[in-house]
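Atoms within each ligand, like the ligands themselves, are counted from 1 in listed order.
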Amino acid sequence: MRLATLFPEVDLEGANPVVTGLAIDHRKVAPGTLFGAFVGEKFNGEDFIPAAVAAGAVGVVARPEARVEGAAHIADANPRRAFAIASARFFHRFPATSVAVTGTNGKTSTVEMTRQLWRMAGFHAASIGTLGITTSTDRATTGLTTPDIVTFLSNMSGLAAEGVTHAAFEASSHGLDQHRTEGLPVKAAAFTNLSHDHLDYHGTMEAYLAAKLRLFSEVVADNGTAVVWSDDGASRAVIEAAEARGLRLLTVGAAGETLRLVARAPTQLGQSLVIAAEGQEYRIDLPLIGAYQAANALVAAGLVIATGGRTGQTLADLARLQPVRGRLERAAITRSGAPVYVDYAHTPDAIAAALDALRPHASGRLILVFGAGGDRDQAKRPEMGKVAAAKADLLFITDDNPRGEDPALIRAAIAEGAPGAEVIGDRRTAIAAAIAAAGTDDIVCVAGKGHEQGQIVGRGDEMRVIPFDDVSVAREEAA
Ligand SMILES: CC(=O)N[C@H]1[C@@H](OP(=O)(O)OP(=O)(O)OC[C@H]2O[C@@H](n3ccc(=O)[nH]c3=O)[C@H](O)[C@@H]2O)O[C@H](CO)[C@@H](O)[C@@H]1O[C@H](C)C(=O)N[C@@H](C)C(=O)N[C@H](CCC(=O)O)C(=O)O
Ligand SMILES: Nc1ncnc2c1ncn2[C@@H]1O[C@H](COP(=O)(O)OP(=O)(O)OP(=O)(O)O)[C@@H](O)[C@H]1O
Ligand SMILES: N[C@H](CCC[C@H](N)C(=O)O)C(=O)O
Ligand SMILES: [Mg+2]
């Protein structure tokens, strides 16, 4: 493809080389590559422009003040956005129906449920997010929730080539802030909730919300739809952004108008829901426990309806949802008969949601094993301790991806909010202790890692991933 095809509105001053590939990392540049040079958190990509050109870059998308010699300089004050648009032109073929989900918690669950519901409706569907790229036959991991723009769009284009017509993806706040998931037409965008996380990156809750609102004010297509969980403190701001943009609006939740959650009652293995929609009441047996899973299921149903699904059929299909990997996954039963659940709660709000989900199922105590990630938001740690202490009966604080930080300091920060907790650094030992403590009527919840397959220790060149899977460890220790 010619450079001018990627930038039809830019005067390239006669230069119109063939572009054979795209890269945002100079180490991935080959002859014919278009290089995106961005100012990042750790590096200034502009410093690598000479190396990229030496490796064969034919064009560089960078700020006007960057110096580019030996290749065309596509100057833009917002080079990440310009590069995203050009990348979408390069890959150009995408699933006809793509939707995005943002929110502090529930993105992975919602995209996965959306994929399942589309599949039940007979479509060739996929999801992209923390669990990787999932289709009905395959799963591949990408490392980040929202991969970089080149990986993201090339994967989307690859899915389209395989015949995928419907794709749901997670738009993390980092990804939105860095324009990592855009360019392709997004028919509908969903919001799940906003609570404390990632303040290390965004600084304030306002800036964090602003990053999420970009999905509605800029990323979703002009005639697109917003699907908004109605019962969150930030729902109003999202609805206002959607209205300001002139999007079609579907609201779901107890205060929702499109799918109104009228009643919810736990059953032994799930919950029964009453939903009011289009003037009718629907009763659904959702085979998943917890208010939070009902919320995600309704947002997913909203996305399916937003993209043409029939309301009655979509709601009926909720009864056939399969559990999402690592989200309140029942991993084992201890010798004394207590169930052990693995959940991905790694924010204060998620810990509350997971414990609230399990409480009605425990006639005895709720026992929680949890930690907090290193090189991530530090302010959330005591808050996680506090909510855990308020909602669980017995706490074990342990390690969860210490990365480049001293794990003892992370544990101590959590313990500030939970002075009564037992602190056991080694995660296996902590899980074993929780299991040993559990009586017949108790429930053990191992939170924070969900589907993850390793403990991330160290940073930079020292970084190692030590294999660790909460589900298998829980099974081994319960046996
Ligand atoms: C804070 C953050 O989001 N960082 C991500 C981001 O970094 P950045 O743009 O600030 O990049 P940088 O490392 O400063 O480098 C600047 C530029 O120079 C380039 N570069 C850099 C070094 C080099 O030798 N050559 C080179 O060309 C880089 O490719 C980049 O374009 O872009 C990089 C390239 O795509 C990512 O690897 C990196 O993810 C880091 C590893 C990370 O840990 N990100 C986490 C926080 C993250 O994004 N998490 C969210 C999940 C949130 C959630 O769901 O709750 C996610 O979407 O996964
Ligand atoms: N709607 C929700 N409301 C509150 N908590 C939730 C909700 N959905 C999920 N959670 C909690 O958050 C955890 C993570 O859920 P999920 O993986 O779906 O979220 P995510 O937004 O994709 O997270 P990440 O930002 O890490 O990608 C769950 O295990 C649960 O504890
Ligand atoms: N997407 C989240 C995942 C956190 C998972 C938890 N196990 C941790 O390492 O903190 C993040 O990158 O902040
Ligand atoms: Mg996720």
- prompt: Taking N or O atoms only and a 3.5 Å limit, does Glu41 qualify as a polar contact for ligand 1?
  reply: yes
query: Backbone or side chain, does Thr108 get an N/O/S atom under 2.8 Å to the Mg ion (ligand 4)?
result: yes
task: Give yes if a backbone or side-chain nitrogen or oxygen of Ile24 is under 3.5 Å from a nitrogen or oxygen of ligand 1, and no if not.
output: yes
N/O donor-acceptor pair under 3.5 Å between Arg475 side chain and Ala332 backbone: no
statement: Nearest non-hydrogen protein atom to atom 6 (C) of ligand 1, with distance, is Gln178 OE1, 3.4 Å
query: Quick one: nearest non-hydrogen protein atom to atom 57 (O) of ligand 1, plus distance?
result: Ser172 OG, 2.6 Å
Heteroatom proximity flag, Arg403 to ligand 3, N/O under 3.5 Å: yes
Flag for Ser109-Gln293: side-chain donor and acceptor within less than 3.5 Å: no
task: Taking all non-hydrogen atoms of both residues into account, name the closest pair between Thr181 and Phe169 and its distance.
output: CB-CE1, 3.6 Å
query: In the protein, what heavy atom is nearest to atom 1 (N) of ligand 3, and what distance, to one decimal place, separates them?
result: Thr145 OG1, 4.1 Å
- request: Starting from atom 44 (N) of ligand 1, find the nearest protein heavy-atom neighbour and note its residue, name and distance.
  value: Leu144 CD2, 3.8 Å
task: Among all protein heavy atoms, pick the one closest to atom 58 (O) of ligand 1 and tell me residue, atom and distance.
output: Thr145 N, 2.7 Å
- prompt: Does any N/O atom on Tyr344 come nearer than 3.5 Å to any N/O atom on ligand 3?
  reply: no
- prompt: Looking only at N/O atoms, are Asn401 and ligand 3 under 3.5 Å apart anywhere?
  reply: yes
message: Among all the protein's non-hydrogen atoms, which is closest to atom 50 (C) of ligand 1, and how far away is it?
response: His174 ND1, 3.6 Å
Side-chain donor or acceptor of Glu329 paired with backbone N/O of Gly326 under 3.5 Å: yes
- prompt: Is the side chain of Gln271 donor-acceptor paired with the backbone N or O of Gly290 at a distance under 3.5 Å, no angle test?
  reply: yes
task: Indicate the atoms forming the closest heavy-atom contact of Ala171 with Thr102, along with that distance.
output: O-OG1, 2.9 Å
field: No-hydrogen, no-angle side-chain donor-acceptor test under 3.5 Å, Tyr201 and Asp177
entry: yes
- prompt: Is the closest side-chain donor-acceptor distance between Thr135 and Asp138 under 3.5 Å?
  reply: no
- prompt: Rounded to 10°, how big is the angle at the Mg ion (ligand 4) from Thr130 OG1 to Glu170 OE1?
  reply: 90°
- line: re atom 5 (C) of ligand 3, the protein heavy-atom contact at minimum distance is Glu452 OE2, 3.3 Å
message: If I apply the N/O under 3.5 Å rule, does His26 come out as touching ligand 1?
response: yes
query: Out of Glu46, Arg376, Arg27, Met463, whose heavy atom is nearest to atom 45 (C) of ligand 1?
result: Arg376
Identity and separation of the nearest protein heavy atom to atom 2 (C) of ligand 3: His346 NE2, 3.8 Å
query: With atoms numbered from 1 as shown, which atoms in ligand 1 lie under 4.0 angstrom from a non-hydrogen atom of Phe38?
result: 16 (C), 17 (C), 31 (O)
- prompt: Are any non-hydrogen protein atoms located under 4.0 Å from atom 33 (C) of ligand 1?
  reply: no
message: Can you tell me which residue among Arg427, Lys449, Gln453 is in a side chain to side chain donor-acceptor pair (under 3.5 Å) with Asp470?
response: Arg427
message: Tell me the protein heavy atom at minimum distance from atom 53 (C) of ligand 1, and give that distance in Å.
response: His198 NE2, 3.4 Å
field: Taking every non-hydrogen atom, the tightest pair across Ala437 and Leu394
entry: CB-CD2, 3.8 Å
message: If I apply the N/O under 3.5 Å rule, does Arg376 come out as touching ligand 3?
response: yes
field: Polar proximity ligand 3 side, Gly448 side, N/O cut 3.5 Å exclusive
entry: yes
field: Near-ring test His451/Tyr344, centroid separation under 6.0 angstrom
entry: yes
- request: Kindly determine whether Phe35 and Phe48 satisfy ring-ring contact (aromatic ring centres under 6.0 Å, His included), including the steps that lead there.
  value: CA-CA 10 Å; Phe35 178 59; Phe48 305 108; 7.8 Å; no
message: Do Ser157 and Arg93 pair up side chain to side chain, a donor and an acceptor below 3.5 Å, judged on atom types alone?
response: no
statement: When distances are taken from atom 20 (N) of ligand 1, the protein heavy atom at minimum range is Phe48 CE1, 3.7 Å
query: Of the listed options (Pro402, Gly371, Ser173, Gly373), which comes nearest to atom 10 (O) of ligand 3 when hydrogens are ignored and any heavy atom counts?
result: Gly373
- prompt: What are the atoms of ligand 1, with element, lying closer than 4.0 Å to any heavy atom of Arg80?
  reply: 9 (O)
message: Please find the pair of heavy atoms, one from Leu318 and one from Ala297, that lie closest to each other, and give the distance.
response: CD2-O, 3.7 Å
task: Would you kindly say whether Asp47 and His26 are connected by a side-chain donor-acceptor distance under 3.5 Å?
output: no
task: Decide whether the shortest distance between a heavy atom of Arg403 and an atom of ligand 1 is less than 4.0 Å.
output: no
field: Candidate list Val238, Val252, Asn296, test side-chain contact (heavy atoms from CB on, under 4.5 Å), partner Trp229, passing option
entry: Val252
query: Is there a donor-acceptor contact under 3.5 Å linking the side chains of Asn105 and Thr347?
result: yes
- prompt: Does ligand 1 have a heavy atom under 4.0 Å from the side chain of Phe43, from its backbone, from both, or from neither?
  reply: both
- request: Please say whether Lys42 places an N or O atom under 3.5 Å from an N or O atom belonging to ligand 1.
  value: yes
- prompt: Is a side-chain N or O of Arg214 found less than 3.5 angstrom from the main chain of Leu176, in a donor-acceptor match?
  reply: yes
- line: Nearest non-hydrogen protein atom to atom 18 (O) of ligand 1, with distance, is Gly45 CA, 3.5 Å
task: Taking atom types as modelled, find out whether Ser173 and His202 have a side-chain donor-acceptor pair closer than 3.5 angstrom.
output: yes
field: Close N or O approach (Asp197, ligand 1; < 3.5 Å)
entry: no
query: Which one of Glu170, Arg459, Arg180 has a non-hydrogen atom at the shortest distance from atom 48 (O) of ligand 1?
result: Arg180
query: Any nitrogen or oxygen of Thr130, main chain or side chain, under 3.5 Å from a nitrogen or oxygen of ligand 1?
result: no
- prompt: In ligand 1, which numbered atoms sit nearer than 4.0 Å to a non-hydrogen atom of Lys107?
  reply: 54 (O)
- prompt: Which ligand 1 atoms are under 4.0 Å away from a heavy-atom of Asp148?
  reply: 35 (O)
